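Note sheet for the following structure.
Chain A is the first sequence line, chain B the second, and so forth, proteins listed ahead of strands; every chain is numbered from 1. Keep in mind it's a predicted model, so treat the numbers as computed, not measured.
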Amino acid sequence: MLDTKFILANLDLVRKATDDKHAASPYIDFKRFAELDEQRRKAQAENDKLAAEKNKISKQIGQLIGQMKRASDADRLKLQSDSGKLQEESKALDEKMQSLAMTFADCERWQDEMRAWIPNVPHESVPEGTDPSANKVVREWGGEPRKFEFKPRYHHELGADLRILDCERGAKVAGSGWYFLRGDGARLERALVSWFLDVHRTRHGYTELFPPFFVTEKTLYGSGQLPKFLDQMYNALEDHLFAIPTAEVPVTAYHRDEVLEEKDLPKKFCAYSACFRREAGAAGADTRGILRVHQFNKVEMLKLATPQTSWDEHEKMTADAEHLLQELGLKYRVISLCRGDLGFSAAKTYDLEVWAPAAAKWLEVSSVSNFTDYQARRSNLRYKPAAGGKPQFLHTLNGSGLALPRIQVALWETYQQADGSVAIPEVIRSYMCGQERIGVNA
RNA sequence: GGAGCGGUGUCCGAGCGGCCGAAGGAACACGCCUGGAAAGCGUGUAGGCGGGAAACCGUCUCGAGGGUUCGAAUCCCUCCCGCUCCGCCA
């Protein structure tokens with residue numbers, strides 16, 4: 001969430017961000033926000049003044065009672081009546097304070113509520129625009145798309161023929177949008193996850209985490225999924241837990257409510273997790289195969305950085321994800337999302353899209369974002385500057401590195417052979433016991 | 001799931017109704033001492049909010065939330081988390 005003072009000092013900026021991000025809602029009323037702020041500060045100032053007085057009186061009573069213990073009988077009576085009077089005064093103050101305290105708490109609660117619905121402000125380098133058509137292609141890698149000397153087959157055809165993907169049985173067991181990977185398909189999935197993690201760990205310097213797949217409401221709130229995206233999440237009502245839509249959620253919460261040392265920054269984590277998404281409202285889109293599913297595997301990268309380095313780290317993280325695609329030999333492009341397509345909590349996002357040659361489509365396989373201090377404020381993630389001074393909010397960044405099974409889709413389609421088999425990319429072979437191609441699975 | 005114990009500052013740990021934002025120790029920082037270091041000694045070291053140009057002042061915070069009281073880390077209630085024992089279990 002944004003800082004209250006920042007919102008008030010930059011109303012136009014915040015209002016535009018809210019509109020551009022299609023986040024305007026009845027919960028947000030900037031005029032009311034400013035009024036609440038004034039009311040809140042007034043109530044607090046008044047309340048604090050009375051509290052100071054009351055504390056003074058209580059202290060005096062304490063002293064009188066102390067004196068009473070040592071006093072003669074005659075003096076004791078006098079002291080007793082004095083302290084009685086003070087007690088009355090204190091009670092009177094208490095009554096006055098009650099309504100002030102209530103006003104204060106109400107104002108603060110409403111402000112916080114409103115802040116929870118106000119999105120992050122985009123970085124100035126983010127393209128203007130209201131929908132994906134305004135997104136900018138930053139760069140493309142991989143040259144000309146592969147030319148096939150035969151008619152390339154779609155991933156769902158390849159998956160079925162090679163018996164590495166079984167959507168029918170997935171649907172039987174769990175419903176539409178659920179699937180089985182089978183044989184070498186399942187093995188390739190596992191190999192890719194291991195390879196992703198190993199590259200990030202050994203070559204990109206990330207610490208590996210294996211996170212919980214279910215988290216509390218508070219945790220989801222911290223990374224900005226709640227309150228806005230409640231309907232996109234699976235939950236276990238009985239236990240008040242939600243299935244994570246991405247490892248970003250538990251890993252962002254990892255250092256929640258902590259104050260880190262600047263010398264330990266940036267913190268870099270990578271984490272595998274299954275991701276669960278209800279995809280409510282997406283029915284009808286990408287129905288064939290496994291382009292849009294309710295459960296998928298993903299390796300996530302996450303960084304906690306200072307505001308001074310976060311933009312640099314954002315570019316580096318993007319490069320880390322690209323590195324994987326390059327080694328897999330997959331054609332891809334990097335897109336800078338426009339203001340209207342940017343996520344709720346993000347200040348800037350690069351999407352990485354791989355080319356699926358049979359479908360002749362770009363598939364989003366990674367989304368690398370800088371959230372600046374937006375999530376950090378929600379999650380109370382801070383650091384102590386090396387130069388001294390008050391703790392500051394960190395900047396959080398995260399990006400997929402990478403998301404399955406779309407990578408599988410691109411691999412199958414890109415590396416399919418005339419005989420119907422699929423070649424396994426060089427870098428993955430050692431993770432597949434040296435296997436070089438996927439033929440029909442027994 | 002049942003029974004018992006416990007959650008205090010960066011950490012350990014005392015406090016069990018007022019003089020407690022909190023003893024003592026450790027750690028860290030600065031200063032003294034030293035040729036230099038260790039030991040010694042001295043000083044300092046939480047966060048939120050509000051006010052103030054600042055120095056600083058006020059207020060709130062001893063797991064969270066509520067209650068009793070003029071006054072709560074201390075008493076009462078609810079919840080959360082941890083530990084020990086028992087039960088169950090991959």
Side-chain angles (χ1 to χ4, degrees), chain A residues 1-9 33-71 76 78-115 210 212-222 236-242 250 253-265 373 376-394:
Chain A
M1 74 175 84
L2 297 173
D3 179 47
T4 299
K5 286 175 189 151
F6 176 86
I7 296 171
L8 291 169
F33 189 79
E35 287 163 8
L36 283 168
D37 196 63
E38 202 159 311
Q39 251 184 66
R40 190 194 93 235
R41 297 202 335 258
K42 227 164 109 191
Q44 186 180 352
E46 188 63 21
N47 183 67
D48 283 2
K49 218 173 80 194
L50 296 180
E53 205 173 320
K54 193 180 148 185
N55 286 341
K56 216 179 281 169
I57 291 175
S58 284
K59 214 161 244 180
Q60 284 169 10
I61 294 172
Q63 284 164 0
L64 289 178
I65 288 173
Q67 285 171 32
M68 251 149 74
K69 286 185 184 143
R70 281 169 268 116
R76 188 169 298 145
K78 163 104 174 60
L79 289 166
Q80 204 151 27
S81 95
D82 284 355
S83 98
K85 265 184 230 149
L86 287 173
Q87 284 180 29
E88 288 307 312
E89 254 178 74
S90 176
K91 265 187 190 162
L93 281 172
D94 219 31
E95 266 160 48
K96 278 199 227 168
M97 283 167 63
Q98 247 165 35
S99 76
L100 284 169
M102 196 129 44
T103 303
F104 170 78
D106 278 354
C107 288
E108 194 173 49
R109 211 184 58 240
W110 285 115
Q111 278 192 300
D112 285 350
E113 182 95 348
M114 219 181 280
R115 284 202 296 159
F210 182 78
F213 288 7
F214 281 80
V215 295
T216 59
E217 206 173 303
K218 186 176 174 190
T219 297
L220 282 158
Y221 180 86
L237 270 184
E238 186 86 353
D239 299 292
H240 308 290
L241 292 174
F242 292 80
Y254 185 72
H255 280 297
R256 184 173 70 210
D257 296 323
E258 295 182 22
V259 180
L260 306 177
E261 296 290 336
E262 182 170 355
K263 67 173 162 55
D264 299 328
L265 301 174
D373 57 2
R377 199 168 276 113
R378 285 188 168 214
S379 289
N380 192 23
L381 281 165
R382 294 176 298 172
Y383 75 100
K384 210 169 187 74
K390 292 266 174 195
Q392 305 287 318
F393 286 110
L394 287 157

* Distance, P atom - from B:G67 to B:A72, rounded to whole angstrom -> 12 Å
* Between B:C11 and B:C62, how far is it from one P atom to the other, in whole Å? -> 15 Å
* Asked: Who is the Watson-Crick or G-U wobble partner of B:G6, with both distances under 3.5 Å?
  -> B:C81
* Can you tell me the Watson-Crick or wobble partner of B:A29, both distances under 3.5 angstrom? -> B:U43
* To do: Output yes when at least one side-chain N/O atom of A:Arg382 is less than 4.0 Å from OP1 or OP2 of B:G48, else no.
  => yes
* Salt-bridged, A:Asp37 to A:Arg40, with N to O below 4.0 Å? -> yes
* Under a 3.5 Å cut-off for both distances, is B:A54 Watson-Crick or wobble paired, and to whom? -> none
* Using the C1' atom on both, measure B:A23 against B:A73 and round to a whole Å. => 14 Å
* To do: Using both distances under 3.5 Å as the test, list the Watson-Crick or G-U wobble partner of B:A38, or none.
  => none
* Can you establish whether the number of heavy atoms outside A:Tyr254 located under 6.0 Å from its atom OH is more than 12? => no
* Nearest-angstrom distance from the residue atom NE2 of A:His240 to P of B:C81 -> 11 Å
* For A:Arg377 and A:Met1, indicate whether the former's side chain and the latter's backbone hold a donor-acceptor pair under 3.5 Å. => yes
* Is a donor on one side and an acceptor on the other found under 3.5 Å between the side chain of A:Ser90 and the backbone of A:Leu86? -> no
* Distance between P atoms of B:U61 and B:G21 (Å, rounded) -> 11 Å
* For A:Glu38, does the CD atom have more than 12 heavy-atom neighbours from other residues, nucleotides or ligands under 6.0 Å away? -> no
* **Pairwise C1' distance for B:G9 and B:A22, with rounding to whole Å** => 9 Å
* To do: Just call it for A:Lys42: base, sugar-phosphate, or nothing, with non-hydrogen atoms closer than 4.0 Å on any strand.
  => nothing
* Whole-Å distance between B:C80 C1' and A:Leu241 CG? -> 13 Å
* **Main-chain N/O of A:Leu2 paired with A:Arg115 side-chain donor or acceptor, under 3.5 Å** => yes
* Return no unless some side-chain N or O of A:Arg40 is found under 4.0 Å from OP1 or OP2 of B:C49. => no
* Structure fact -> Between CZ of A:Arg377 and C1' of B:G47 the distance, given in whole Å, is 16 Å
* Above 12 or not: heavy atoms from other molecules or residues under 6.0 Å from CD of A:Glu262? -> yes
* Atom pair distance, as rounded to whole Å: CG in A:Leu50 and C1' in B:G58 -> 12 Å
* **Basic-acidic side-chain contact under 4.0 Å: A:Arg109, A:Asp106** => yes
* To do: Round to the nearest Å and state the distance from A:Asp264 atom CG to B:U10 atom C1'.
  => 13 Å
* Asked: What distance, rounded to whole Å, do you find between the two P atoms, one in B:C70 and one in B:C81?
  -> 35 Å
* To do: Could you give the distance separating B:A26 and B:C41 at their P atoms, to the nearest angstrom?
  => 9 Å
* Asked: Rounding to a whole Å, what distance do you find between A:Glu261:CD and B:U10:P?
  -> 11 Å
* Complement of B:G87, any strand, by Watson-Crick or G-U distances under 3.5 angstrom -> none
* If B:U59 has a Watson-Crick or G-U wobble mate with both distances under 3.5 Å, name it; if not, just say none. => B:G48
* CD of A:Glu38 versus C1' of B:G51: gap in Å, rounded? -> 15 Å
* Can you check whether A:Arg41 has a side-chain N or O nearer than 4.0 Å to OP1 or OP2 of B:C49? -> no
* Asked: Does B:G40 adopt a syn or an anti glycosidic conformation, taking syn as a chi angle within 90° of 0?
  -> syn
* **Footprint string (nucleotides 59-79 of chain B, 5' to 3'): B base within contact, S backbone only, - free, heavy atoms under 4.0 Å** => SS---------BS--------
* In whole angstrom, give me the gap between the P atoms of B:A46 and B:G24. => 15 Å
* To do: For A:Met97 and B:G58, give me the distance from atom CE to atom P, rounded to whole Å.
  => 15 Å
* Structure fact -> Closest heavy-atom pair, A:Phe393 versus A:Tyr383, reported as atoms and distance to 0.1 Å, is O-CE2, 3.7 Å
* **Contact under 4.0 Å: A:Lys384 side-chain N or O vs B:C28 OP1/OP2** => no
* Asked: Paired with B:A73: which nucleotide, if any, by Watson-Crick or G-U wobble criteria at under 3.5 Å for both distances?
  -> none
